[in-house]
Amino acid sequence: MEGLNGALPPGAFPPRAQALAGLTAQEWDLVVIGGGITGAGVAQQAAAQGWRVLLVEQRDFAWGTSSRSSKLVHGGLRYLKQGDLKTTLHSVRERKRLLQEAPGLVEPQSFLFADCAGRKPGRWLMQTGLAVYDLMAEQRSHYHADLAATHMLAPGLAPPGLRGALVFQDAKTDDARLVLRVLQEARLLGATTLNYLAAQGLQIEQGRVAGLELQDALEGQRYTVRARCVVNATGAWADRLRTGTGARPLLRPLRGSHLVVPFWRLPVAQSISFMHPQDGRPVFLYPWEGATLIGTTDLDHREPLDAEASITQAEVDYLLDAVNDQFPTAHLRPADVVACYAGVRPVLDDGQQDASKATRDHVVRDEAGLITLTGGKLTTFRLMAQDALALAAPHMGQPFARSDAPLFTPASPLDPRWSPAVRQRLQARYGSLAAHLCAGARDEDLQCIPGTQTLWIELPLAARHEAVEHLDDLLLRRTRLGILLPQGALALLERIRQLCAPHLGWSDARWEAEIARYRSLVEAHYQLPVSNRIGL
């Protein structure tokens, strides 16, 4: 295959040593700290202006919130209920853009909201909200389904008092792959992007930020880089860099946890959205990557941010109780859960006691050349980036022009003999690089890994082209096998090693260390809490 053995195409990751060697060779216009969707958006939008852009991430790309979200590209119907019209308006319009520009990566998802007698918010209030929602999106997508139609759309759905449902449209994505695709676009425009390169401190000259001290987390080498401006896009970690300058903390870290169950165990064609019977919080479940995803909780996260977030037994019980309320004959139990994951949201501390009512809007602060961008939603990352760059521009003496230009370059055509589903999946993940990377693919490369929608070819392509430094990079973010298959896909490790070893260059000892590290990570943070496993 050309993509596995040939020269690197434009937009692919260059060799790490080559990228590191270029860090100190110039003064950067902009250094972005943070490799999640927020930082990726800033890097792409800045590179589109022709700026010299460096993005650094202390762990792996999308390691934090951007691989652990609810994976929904939605307009924020709940924010409409809270009177946050601006966030909802921006979200529905950005959702439309992403659906058009990244088909297959951002996909339409039908939602069904059960209409139950005596349960809030009630049919008419919900229908009014959906009418406003559709008006903002310039579409007509919602309708009311009677009881018979509801049973056809969602067999087994039977919460107390069910009398019908409201059906509407939103969208979903693979959040980590969306980050990788935006970073690819940034590199196509000339940006340099490096994972496992940590910001150790700011350089201050004449009262303003003039650069950064960086450290390679893999080799320990330190670098000093010059920059006209620095954007702090570190999500839940944003206050850490700011408080070093004496600024007041902005954030209230909130944990959102999710369950993954096999699709056969809870087969749903719609996303089922509802209010939890215990506390009235929104909960959902929907088909994702060949499994069924259940989420989410919304709790103050008081654990250290540098540790992997983990679901608690109380959260497992909370989510299972919600599902069994809606599908009483499903009898979903902890034994049915394939994987769990938890992420920490960077939510602004607006003084709300109820975590689920805290604002999801973003904030941008200029503190002597350190531009902090935090809060916000995955859906609106492009608009958030433009707000940050508008503040950054005066520090560089360069204009910033807000633009509605497409985020993504068109995907390259693939072999027409391949199935439409395979072509769309590869084009969605690799965009303009798809033809180069997938040239010469064999039939067996294009088969789905059993129990998932992941193609075998995605593993060696990630190992060769996508800056994989640890096994969890490959199995939790470049692919999602670690949360789609039992025990983090450990049963496939022999095949995975055969496919990826030629491209990673790891010794036998390194492979054994990586497997042990990954096994421990999955056991501690991506499986049920120990108390839930007793007797399973």
Side-chain angles (χ1 to χ4, degrees), residues 36-38 62-82 87-88 91-92 94-95 98-99 105-113 168-179 235-236 253-261 263 266 268 270-276 279 281-299 301 309-311 315-316 318-320 322-323 326 337-347 355-362 375-381 476-477 480 482-484 525-526:
I37 191 61
T38 302
W63 180 87
T65 314
S66 294
S67 62
R68 309 161 195 256
S69 75
S70 295
K71 312 191 189 312
L72 296 174
V73 178
H74 63 95
L77 188 60
R78 62 188 278 194
Y79 313 132
L80 188 64
K81 177 187 173 185
Q82 295 167 8
T87 297
T88 306
S91 297
V92 295
E94 290 300 293
R95 179 192 64 189
L98 290 168
L99 283 165
L105 182 57
V106 179
E107 302 175 282
Q109 176 62 58
S110 177
F111 276 66
L112 183 150
F113 189 93
F168 60 100
Q169 294 295 314
D170 250 315
K172 62 184 176 183
T173 191
D174 180 334
D175 48 0
R177 292 305 314 184
L178 180 62
V179 172
L254 297 179
R255 185 176 66 254
S257 297
H258 301 76
L259 306 176
V260 182
V261 300
F263 184 73
L266 191 65
V268 287
Q270 318 286 321
S271 173
I272 311 300
S273 182
F274 55 99
M275 301 302 181
H276 199 293
D279 57 11
R281 276 203 65 260
V283 182
F284 62 84
L285 52 113
Y286 71 94
W288 182 79
E289 285 291 309
T292 299
L293 185 62
I294 303 165
T296 177
T297 58
D298 219 358
L299 300 168
H301 184 73
S310 301
I311 197 169
E315 288 174 288
V316 174
Y318 176 87
L319 292 174
L320 290 178
V323 174
Q326 296 285 297
V337 176
V338 168
C340 322
Y341 68 89
V344 182
R345 305 182 184 103
V347 175
S356 66
K357 294 180 180 178
T359 179
R360 263 48 172 186
D361 206 357
H362 66 278
K377 298 168 71 268
L378 179 151
T379 312
T380 56
F381 71 89
L476 293 176
R477 289 172 289 279
R480 315 314 295 274
I483 59 172
L484 292 172
H525 303 291
Y526 292 89

Could you list the residues that satisfy side-chain hydrogen bond (donor to acceptor under 3.5 Å, both in side chains) with [X], not counting sequence neighbours?
X      : value
His276 : none
Tyr526 : Arg68, Glu308
Glu107 : none
Thr297 : Glu315

Open item on the list: Testing the basics here: between Arg95 and Ala171, what is the closest heavy-atom pair and its distance to 0.1 Å?
Closed with: CG-CB, 4.1 Å

Task: Nearest non-hydrogen partners of Ala236 and Pro346, listed with the distance - done: N-CB, 3.5 Å

Can you name the residues that form a side-chain contact (heavy atoms from CB on, under 4.5 Å) with [X], not counting sequence neighbours?
X      : value
Thr292 : Val261, Phe263, Leu266, Val268, Leu285
Ser67  : Ala62, Ala176, Arg477, Arg480
Ser273 : Phe111, Phe113

TODO: Ignoring hydrogens and angles, tell me if any N or O in the side chain of Ser110 forms a donor-acceptor pair with the backbone of Gln270 under 3.5 Å.
DONE: no

Task: Flag, side chain of Thr380 to backbone of Ser91, donor-acceptor distance under 3.5 Å - done: no

Nearest 0.5 Å, please: how far is [atom2] in [Y] from [atom1] in [X]?
X      : Y      : atom1 : atom2 : value
Tyr286 : Leu112 : OH    : CG    : 16.0 Å
Met275 : Arg281 : CE    : CZ    : 9.5 Å
Ser257 : Leu299 : OG    : CG    : 7.0 Å
Leu319 : Ile294 : CG    : CD1   : 7.0 Å

- [ ] Would you check if Lys71 and Asp175 make a side-chain contact, meaning some heavy-atom pair closer than 4.5 Å?
- [x] yes

TODO: Under the salt bridge (Lys or Arg N to Asp or Glu O under 4.0 Å) rule, collect the residues that match up with Lys172, sequence neighbours excluded.
DONE: none

Open item on the list: Can you tell me how the ring of His258 sits relative to the ring of Phe284, calling it parallel under 30°, perpendicular over 60° and tilted otherwise?
Closed with: tilted

